[in-house]
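One structure is given here, and the rest of the page talks about it.
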Amino acid sequence: DRARTEALMSGQLAQAAQVIRHGGVIGYATEYCFGLGCDPMNRDAVLRLLRLKQRPVKKGLIVLAADVAQLAPYVAEIPPHVAATWPGPHTWLLPANTAVPNWITGRHERIAVRVTAHPQAAALCRAAGLAIISTSANRSGESPARVDREVIRRFGGLVDYVLPGRVGNAPAPTPITAMRPPTARVSRSVASWAHR
């Protein structure tokens, strides 16, 4: 019944959040595909995630949040026109705080951030109490996994938990827009950021 289903989903969400808080790597659904995630400030977790993806550190990663407040450790300021696009499938490149480690930003001075409108991904960030890494669940050169069983098939026991869920209805990876006042331009390059 519905109550049992909701209880099961709540337990799965709590388990995924606990894995993140304890330094683990998980698979979870996002707007377009399944992602791999972890605590962005946990160096060992991020480097492990990058090894799983066979992705170089220099490319940088997206940080996903449930709300603007969760992005405070990563960006000094969020312009109103950026905040107005959230929650939603919009990833922005913003100047990173000086304390943000380079295992997140890679070779870039900016950091890619998004406040997600995907209900489960947002609930995961809230349950974990922090923003999380968001990068597609695939190895470099592969197409992103679109269902949880595909994440399990590809990564098996190499990830600590796969949160059952469904991806959103976005037709493509979220665009990454570089904010360059007074105008902005789209800069994704899927290959250079999160989805390959």
Side-chain angles (χ1 to χ4, degrees), residues 13 16-17 20-21 26 28-43 45-46 49-50 55 57-136 144 163 165 167-196:
L13 196 67
I20 290 171
R21 288 194 300 267
I26 72 159
Y28 66 100
T30 69
E31 293 91 337
Y32 171 69
C33 64
F34 262 76
L36 296 178
C38 64
D39 177 353
M41 292 299 192
N42 186 316
R43 179 180 181 273
V46 174
L49 181 154
L50 290 170
R55 178 182 175 85
V57 176
K58 67 182 181 181
K59 285 191 172 183
L61 291 161
I62 293 173
V63 173
L64 185 81
D67 53 50
V68 169
Q70 288 189 331
L71 296 177
Y74 304 97
V75 293
E77 182 181 359
I78 298 175
H81 73 276
V82 171
T85 68
W86 291 334
H90 306 282
T91 300
W92 287 86
L93 288 175
L94 300 177
N97 279 338
T98 55
V100 174
N102 63 3
W103 63 77
I104 303 173
T105 57
R107 63 186 173 196
H108 310 284
E109 293 181 357
R110 295 170 185 249
I111 185 170
V113 292
R114 180 166 84 252
V115 175
T116 183
H118 186 279
Q120 189 184 48
L124 176 61
C125 292
R126 285 192 291 270
L130 45 84
I132 62 176
I133 291 294
S134 181
T135 183
S136 57
L163 178 63
V167 301
N169 56 10
T174 61
I176 296 178
T177 306
M179 192 201 65
R180 300 186 183 278
T183 61
R185 65 177 177 84
V186 173
S187 68
R188 188 191 288 257
S189 196
V190 174
S192 68
W193 283 89
H195 289 277
R196 286 195 184 156

- Message: Test side chain to side chain contact (heavy atoms under 4.5 Å, CB included) on Thr30 and Thr116; report intermediate values, then the result.
- Response: CA-CA 8 Å; Thr30 69; Thr116 183; 5.9 Å; no
Nearest heavy atoms of [X] and [Y], plus distance in Å:
X	Y	result
Ala96	Thr105	CB-CG2, 4.0 Å
Leu64	Ala121	CD2-CB, 4.0 Å
Ala170	Tyr32	O-CD1, 3.3 Å
Ala66	Arg126	CB-CG, 3.6 Å
Ala131	Val63	CB-CG1, 3.5 Å
Pro73	Val100	O-CG2, 3.7 Å

Rounded to the nearest 0.5 Å, what's the gap from [atom1] on [X] to [atom2] on [Y]? Could you check?
X	Y	atom1	atom2	answer
Leu61	His108	CG	NE2	9.5 Å
Leu163	Ile26	CG	CD1	6.0 Å
Ile176	Leu93	CD1	CG	6.0 Å
Arg114	Thr85	CZ	OG1	10.5 Å
Ile132	Thr135	CD1	OG1	11.5 Å

I'd like to check the side chain to side chain contact (heavy atoms under 4.5 Å, CB included) partners of [X]; sequence neighbours left out, ordered by chain and number.
X	result
Ala29	Phe34, His118, Gln120, Val167
Asn42	Asp39, Asp44, Ala45
Ala127	Leu13, Ala17

- Message: Taking CZ in Arg43 as the centre, count heavy atoms belonging to other residues, nucleotides or ligands within less than 6.0 Å. Is the count above 12?
- Response: no
- Query: Do Trp86 and Leu71 have side chains that get closer than 4.5 Å, going by heavy atoms?
  - Reply: yes
Any donor and acceptor pair, going by atom type alone, linking the side chain of [X] with main-chain N or O of [Y] inside 3.5 Å?
X	Y	result
Glu31	Thr174	no
Trp103	Pro40	yes
Asn97	Ala72	yes

- Query: Given the rule in the side chain to side chain contact (heavy atoms under 4.5 Å, CB included) test, do Val115 and Val68 qualify, once you have shown the distances and angles that lead to the verdict?
  - Reply: CA-CA 7 Å; Val115 175; Val68 169; 4.3 Å; yes
- Message: Go through it in stages, so that I can follow the logic: the residues are Ile20 and Leu124, the test is side chain to side chain contact (heavy atoms under 4.5 Å, CB included), and I'd like the CA-CA distance, side-chain angles, deciding distance and then a yes or no.
- Response: CA-CA 10 Å; Ile20 290 171; Leu124 176 61; 4.0 Å; yes
